[in-house]
Amino acid sequence: QEGQDASFANPSLTGRLEWAGPGLRLGGSFWYGGSANQVAAVGTGTFDAPVAVLAADARYDTGPFSFRGEAARVSVGGADRINAAFNQDVGSRMDGFYVEGGCNLFQLFAPASPSRLIAFARHERFNTQAAVPTGTIQDLTLARRISTFGLTFKPSSNVVFKADYQLQRNRAAVGQVNALSLGAGYQF
């Protein structure tokens, strides 16, 4: 919402802890706040319809190889009231994670090259209706898994070209697609 319309009716709490060692970084974070925003049908208290987010992440780099992952859980208190007030199907719990591995092929086969060519693979799963309140029908198309395989070419530190192929699936086995993506980026 725009700044002039923002209310302080629902403040939130957040925090993060992180540990870093040689090549390894581990972290965990949380966010907690009310989502009612003074909508009477949902609640008028400071932390009514609370949303809690817990997340953990890790990254490990060693030579040409890099690995990273993240997992998160979101809990929505009062999802039944939110659904009734807005005619929606908000889940009371959302879960997700991804793991990714990559290898800088130039560092392996052309170590003197300042450019980088990174082959990577990523697998992710997430479900925005991992749990639903009573009276809400769980939508199995929202339980998704995506596998991505690709190459990233960085001829310099501020230019990137990327190609990847995704296998997009869901628990309902409908609307599943494969997608090829090409991209270019420049940072200045």
Side-chain angles (χ1 to χ4, degrees), residues 1 9-21 24-37 39 41-43 45-61 65-102 118 120-150 152 162 164-181 183:
Q1 69 188 187
N10 296 109
S12 60
L13 306 170
T14 189
R16 178 169 175 79
L17 292 174
E18 190 169 273
W19 179 86
L24 179 63
R25 184 175 303 264
L26 302 172
S29 57
F30 76 93
W31 184 92
Y32 182 83
S35 66
N37 201 29
V39 174
V42 179
T46 302
F47 290 104
D48 280 352
V51 176
V53 180
L54 294 174
D57 56 270
R59 182 177 192 105
Y60 182 63
D61 294 306
F65 301 101
S66 64
F67 305 94
R68 64 183 178 169
E70 183 167 1
R73 172 167 279 182
V74 178
S75 298
V76 180
D80 55 342
R81 294 189 312 271
I82 294 169
N83 291 340
F86 297 104
N87 195 25
Q88 297 294 314
D89 293 322
V90 173
S92 55
R93 193 181 83 233
M94 303 169 212
D95 294 323
F97 76 89
Y98 80 88
V99 291
E100 179 178 293
I118 302 163
F120 68 91
R122 178 175 51 246
H123 182 73
E124 53 195 294
R125 288 180 181 246
F126 54 95
N127 187 349
T128 56
Q129 285 190 343
V132 295
T134 303
T136 300
I137 298 171
Q138 198 169 33
D139 182 352
L140 296 179
T141 65
L142 300 177
R144 299 177 183 150
R145 63 187 186 282
I146 301 172
S147 297
T148 306
F149 310 92
T152 299
K162 186 174 178 179
D164 65 48
Y165 190 74
Q166 282 190 342
L167 308 170
Q168 302 174 11
R169 305 292 184 257
N170 62 62
R171 193 174 295 151
V174 297
Q176 303 183 119
V177 298
N178 298 341
L180 174 66
S181 298

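- Remark: side-chain polar atoms of Glu124 are not paired, donor with acceptor, to backbone N or O of Val99 under 3.5 angstrom.
- Heavy-atom minimum distance, Val132 versus Gly91: CG1-CA, 4.3 Å.
- A salt bridge links Arg16 and Asp57; the closest N-O separation between the charged side-chain nitrogens and carboxylate oxygens is under 4.0 Å.
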task: Decide yes or no on side chain to side chain contact (heavy atoms under 4.5 Å, CB included) for Ile118 and Lys162, but give the supporting numbers first.
output: CA-CA 9 Å; Ile118 302 163; Lys162 186 174 178 179; over 6 Å; no

Query - Trace of the side chain to side chain contact (heavy atoms under 4.5 Å, CB included) decision for Arg93 with Arg73 - result: CA-CA 7 Å; Arg93 193 181 83 233; Arg73 172 167 279 182; 3.4 Å; yes

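- When side chains are defined from C-beta on, Leu167 counts as touching Phe149, because their heavy atoms get closer than 4.5 Å.
- Counting non-hydrogen atoms of other residues, nucleotides and ligands closer than 6.0 Å to CG of Leu13 gives a total above 12.
- Listed for the Asp80 side chain is no donor-acceptor partner under 3.5 Å among the backbone atoms of Ala84.
- Salt bridge annotation for Glu18-Arg25: present, with a cationic side-chain nitrogen under 4.0 angstrom from a carboxylate oxygen.
- Residues Pro133 and Val90 approach most closely at CD-O, 3.6 Å, considering heavy atoms.
- By the neighbour-count criterion of 12 heavy atoms within 6.0 Å, atom CZ of Phe97 is densely surrounded, having more than that number from other residues, nucleotides or ligands.
- Between the side chain of Arg144 and the backbone N or O of Arg171 there is no donor-acceptor pair closer than 3.5 Å.
- Heavy-atom contacts from other residues, nucleotides or ligands closer than 6.0 Å to CD1 of Ile137 number 12 or fewer.
- Side-chain atoms of Ser147 do not come within 3.5 Å of backbone N or O of His123 as any donor-acceptor pair.
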Legend entry - CA sep, side-chain torsions, deciding dist, call: Asn178, Tyr165, side chain to side chain contact (heavy atoms under 4.5 Å, CB included): CA-CA 7 Å; Asn178 298 341; Tyr165 190 74; 3.1 Å; yes

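- The CG atom of Asn170 lies 8.0 Å from the CG atom of Leu140; values are rounded to the nearest 0.5 Å.
- Here Phe47 and Tyr32 bring their ring centres to under 6.0 angstrom of each other.
- Counting only heavy atoms from C-beta outward, the side chains of Val42 and Phe86 approach each other to under 4.5 Å.
- With Gln129 contributing its side chain and Thr136 its backbone, the two residues share no donor-acceptor pair below 3.5 Å.
- To the nearest 0.5 Å, the span separating CG on Leu54 from CG on Asp95 amounts to 10.5 Å.
- Looking at heavy atoms from C-beta onward, Ile82 lies in side-chain contact with Ser35 at the 4.5 angstrom threshold.
- Distance OG1/Thr14 to CH2/Trp31: 8.5 Å, rounded to 0.5 Å.
- In this structure, Met94 and Val76 have side chains that are in contact, with non-hydrogen atoms separated by less than 4.5 Å.
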Go through Asp164 and Phe120 one step at a time and tell me if the side chain to side chain contact (heavy atoms under 4.5 Å, CB included) criterion holds.
CA-CA 9 Å; Asp164 65 48; Phe120 68 91; 4.0 Å; yes

Practice item. Assess whether side-chain hydrogen bond (donor to acceptor under 3.5 Å, both in side chains) is satisfied between Asn127 and Arg145, documenting all intermediate values. Key: CA-CA 9 Å; Asn127 187 349; Arg145 63 187 186 282; over 6 Å; no

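- Looking at Glu70 and Arg68, no side-chain N of the basic residue comes within less than 4.0 Å of a carboxylate O on the acidic one, giving no salt bridge.
- With values rounded to the nearest 0.5 angstrom, Gln138 atom CD is found 9.5 Å from Thr128 atom OG1.
- The closest donor-acceptor contact from the side chain of Ser92 to the backbone of Ala131 lies under 3.5 Å.
- With sequence neighbours excluded, no residue satisfies ring pair (Phe, Tyr, Trp, His ring centres under 6.0 Å) with Phe30.
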